[in-house]
Amino acid sequence: MAFFILMIGVFLIIATKEKGVSLFKNKAWDVVHLILFVSTIALYVVNSTFVQLVPDTIISFLSIVLVIPLFITFLKRNHTADV
């Protein structure tokens with residue numbers, strides 16, 4: 001479940017990113033969000049491949065928390081592009 005949510009997040013990052021425009025209002029939030037997102041992917045890979053550090057439900061919850069702002073940004077950009 002967490003893998004699919006993380007891959008949806010990767011798609012949303014690619015789909016909403018425009019050249020020269022940050023995803024969120026502040027560029028620092030982009031960097032923090034990207035670091036958290038990549039760390040979650042790394043945690044998922046380590047957790048599923050080598051040793052289970054945290055339960056899968058925590059990784060799924062963290063994935064959902066990281067993808068929701070991307071989904072909202074994606075919807076806002078598509079709505080403003082249509083208008």
Side-chain angles (χ1 to χ4, degrees):
M1 181 76 172
F3 177 75
F4 293 118
I5 296 169
L6 289 170
M7 291 304 110
I8 290 170
V10 170
F11 170 76
L12 289 173
I13 288 174
I14 293 170
T16 58
K17 186 67 178 156
E18 297 173 3
K19 188 171 183 169
V21 179
S22 61
L23 286 173
F24 304 108
K25 297 200 186 267
N26 192 353
K27 187 125 177 122
W29 283 111
D30 282 351
V31 174
V32 169
H33 190 267
L34 187 62
I35 289 171
L36 286 173
F37 195 79
V38 171
S39 299
T40 305
I41 292 175
L43 180 64
Y44 174 76
V45 169
V46 169
N47 202 36
S48 64
T49 306
F50 301 113
V51 62
Q52 188 158 1
L53 300 172
V54 295
D56 291 334
T57 55
I58 292 177
I59 294 177
S60 296
F61 178 73
L62 188 59
S63 302
I64 290 170
V65 168
L66 289 172
V67 168
I68 285 174
L70 291 172
F71 188 68
I72 292 171
T73 304
F74 178 74
L75 290 177
K76 282 183 182 177
R77 292 223 175 144
N78 281 343
H79 180 68
T80 57
D82 292 341
V83 174

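Because the structure is predicted, anything quoted here is derived from the model rather than measured. One-based numbering along the sequence shown.
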Joint hydrophobic cluster, Leu66 plus Val31, side-chain heavy atoms closer than 4.5 Å:
no
Minimum heavy-atom separation for Phe37 to Val67, with atom names?
CE1-CG2, 4.2 Å
What about Ile68 and Val32, same hydrophobic cluster or not, with Ile/Leu/Val/Met/Phe/Trp/Tyr joined at side-chain heavy-atom distances under 4.5 Å?
yes
For the atom pair CG (Leu6) and CD1 (Ile41), what is the distance rounded to the nearest 0.5 Å?
5.5 Å
Just verifying a value: how many Å separate Thr57 OG1 and Leu62 CG, rounded to the nearest 0.5 Å?
11.0 Å
Transitive ILVMFWY side-chain link Ile72 to Val65, under 4.5 Å
no
Closest heavy-atom pair, Ile5 versus Ser63, reported as atoms and distance to 0.1 Å, is CG2-CB, 3.5 Å
Could you tell me if the side chain of Met1 sits less than 4.5 Å from the side chain of Asp56, heavy atoms only?
no
ILVMFWY cluster, Val46 and Leu36 together (side-chain gap under 4.5 Å):
yes
Residue from Asn47, Thr49, Leu43 passing side-chain contact (heavy atoms from CB on, under 4.5 Å) with Val45:
Thr49
Is there side-chain contact between Pro55 and Ile58, with at least one heavy-atom pair below 4.5 Å?
yes
Trace of the side chain to side chain contact (heavy atoms under 4.5 Å, CB included) decision for Phe74 with Leu70
CA-CA 6 Å; Phe74 178 74; Leu70 291 172; over 6 Å; no
Looking at Phe3, I want to see if its CZ is surrounded by more than 12 non-hydrogen atoms of other residues, nucleotides or ligands under 6.0 Å.
no
Do the non-hydrogen side-chain atoms of Trp29 and Leu23 ever get within less than 4.5 Å of each other?
no
Tell me if a side-chain donor or acceptor on Lys17 pairs with a main-chain N or O of Val21 at a distance below 3.5 Å.
yes
When rounded to the nearest 0.5 angstrom, what is the spacing between NE2 in His33 and OG1 in Thr73?
8.0 Å
Do Tyr44 and Val51 sit in the same hydrophobic cluster, where Ile, Leu, Val, Met, Phe, Trp and Tyr count as joined when their side-chain heavy atoms come under 4.5 Å apart?
yes
Which value, rounded to the nearest 0.5 Å, describes the distance between Ile64 atom CD1 and Ile8 atom CD1?
9.5 Å
